[in-house]
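Structure, as C-alpha cells:
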Amino acid sequence: MRHTANSRVCNIVPSLPRQSGCCNPRLHVMSSPDIADRLDLCLAESSTKHLSDKHLQRADGCGRIVLSGSENGTRIEDVFERSPTRIMFPRTGSRPVEEAVLINTGGGVAGGDRLECSVIALPGASIAVTSQAAEKVYRALHDPARVATRLKARESARLAWLPQETIVFNGARIQRTTEIELFSGAELLALEWLVLGRAAHGEIVVDGSVLETWRVKKDGRLIWADSFRITDEIFLHLNRKALLSNFNSIATLVYFGPGLETKVEFLREILSALGCDCAVTLVSGIIVARFAAKQSCDLKLALRTLLQHFEPELSPGPFRVPKMWSC
C-alpha cells in the first residue's frame with residue numbers, strides 16, 4: 001500500500017490528551033479549529049524529526065510510446081510502461097489509433113516520486129496524447145517530485161501533447177521538464193498547465209516549490225529554452241503585478257509547423273475572446289502562447305475554445321480537444 005507524505009507524517013504523532021472543549025460530547029468528533037491545531041502540531045513534530053521523503057515508499061514510473069504511419073493510419077510500434085504509469089489507446093471499431101491516454105494508478109504525485117514519459121512520432125504518424133484526469137501534486141516533506149516529458153516528432157509526423165491540468169497542493173514540491181526534439185517537416189503542439197491550490201477547498205499555496213523547464217530543439221540545435229520557478233519565499237509575493245498578480249492558473253502552449261505567420265495572426269485575433277489573459281509570439285521558428293486565469297475552469301474553457309478553432313481553421317489532425325477532457 002502506497003502512503004503519501006501526509007499520512008506518514010501524521011502517523012508519528014502521539015495520541016493527544018483529551019481537553020475540555022476539544023470534542024462535541026454528543027458526537028465525539030473534533031471541531032474544525034481543533035483539527036487545525038492538531039495538524040499544526042503534526043507539522044511541528046515532523047519538522048523536529050527531520051523526516052525525509054526518502055524514508056517513504058516512492059513511485060518510479062515510466063511510459064514510452066513509439067508510433068509510425070501506415071496505409072491504414074497510425075500504427076503502434078512499441079509501448080513500454082512501468083507502474084504506476086499506464087498507457088491506453090481508446091478507439092471504436094476498426095478505426096485507427098488517434099489518441100493515447102496516460103494513467104497514473106498511484107492517484108497523484110508525492111515528494112520523491114519520479115515519473116517519465118516519452119513519445120516518439122515516426123514519419124507519417126498522427127497522435128494526440130493526453131491524461132486520464134488532472135494530475136495532483138501532494139505536499140512534500142523535503143524531496144521534490146520529478147516529472148520528465150520527452151517528445152520527438154520526425155519528418156511528416158504530427159504530434160499533439162495535451163495533458164489535463166496539474167494541481168499543486170500547498171507545500172508541494174515539483175520539478176517538471178519538457179524536452180522536445182523536432183525535425184524539418186514535422187508538426188507539433190505541446191501544452192502544459194498549472195493550477196496553484198484547490199479552489200473547491202479555498203486553498204491558497206503559501207509554501208512549496210515549483211520548477212517548470214522547457215527545452216526545444218530543431219534538427220539537433222536548441223532553438224528555445226524557458227524556465228519558470230517559484231520557491232518557498234516567493235509564494236507570499238505572487239500576488240504582485242510583476243509576478244502572477246491575482247492569477248493562480250497558468251499555461252504554456254508551443255506550436256511548430258507550417259504557416260507560422262498565418263497562424264500567429266489568426267491566434268492573436270481569437271485570443272481576445274478567450275476570457276483570460278493571454279498573449280502569443282513567434283520566436284526562433286516556433287509559436288509560444290501564454291495563458292493566465294483566476295480560476296482553473298476559466299483557463300480550461302479558454303484552452304478548449306482555442307483548440308476548437310485550431311483544428312478546423314489552422315491544422316486538421318490531432319490538434320483538437322482530446323476526448324478525455326470531456327469524460
_SB check Glu265 Lys263 (cutoff 4.0 Å)_ = no
*Between Glu203 (side chain) and Asn170 (backbone), is there a donor-acceptor pair under 3.5 Å?*
yes
*Lys/Arg cation over aromatic Phe183: Arg154, 6.0 Å, 45° cone*: yes
*When you look at Ser68 and Glu77, which way does the side-chain hydrogen bond (donor to acceptor under 3.5 Å, both in side chains) test go after all the steps?*
CA-CA 7 Å; Ser68 65; Glu77 296 289 346; 2.5 Å; yes
*Salt-bridge present (Glu187, Arg158; N to O < 4.0 Å)*: yes
*Within 6.0 Å of CG in Leu243, more than 12 heavy atoms from elsewhere*: yes
_Under 3.5 Å, is there a donor on one side chain and an acceptor on the other for Asp219 and Ser184?_
yes
_Asp143 bridged to Arg114 by N-O distance under 4.0 Å_ = no
*Evaluate the criterion side-chain hydrogen bond (donor to acceptor under 3.5 Å, both in side chains) for residue pair Thr252 and Arg290; output intermediate values, then yes/no.*
CA-CA 5 Å; Thr252 297; Arg290 307 279 197 184; 2.8 Å; yes
*Can Lys217 and Glu179 be counted as an ion pair, charged N to O under 4.0 angstrom?*
no
*For residues Trp325 and Trp193, establish whether the separation of their ring centroids is below 6.0 Å.*
yes
*So, for Leu162 and Thr130, which heavy atoms are closest and what is the spacing to 0.1 Å?*
O-OG1, 2.7 Å
*asked:* Less than 4.0 angstrom from a charged side-chain N to a carboxylate O is my criterion; do Asp113 and Arg173 meet it?
replied: no
*Does a salt bridge link Arg176 with Glu212, judged by any charged N lying under 4.0 Å from a carboxylate O?*
yes
*What distance do Leu303 atom CG and Glu165 atom CD have between them, rounded to the nearest 0.5 Å?*
9.5 Å
*asked:* I'd like to know if the side chain of Arg82 reaches the main chain of Asp60, judged simply by a donor and an acceptor atom lying under 3.5 Å from each other, with no hydrogens or angles considered.
replied: yes
*Look at Arg221 together with Glu181 and state whether they make a salt bridge at an N to O cut-off of under 4.0 Å.*
no
_Sub-6.0 Å ring centroid separation between Phe266 and Phe310_ = no
*Dump the intermediate steps for side-chain hydrogen bond (donor to acceptor under 3.5 Å, both in side chains) on Asn239 and Ser245, then the final yes or no.*
CA-CA 4 Å; Asn239 58 349; Ser245 187; over 6 Å; no
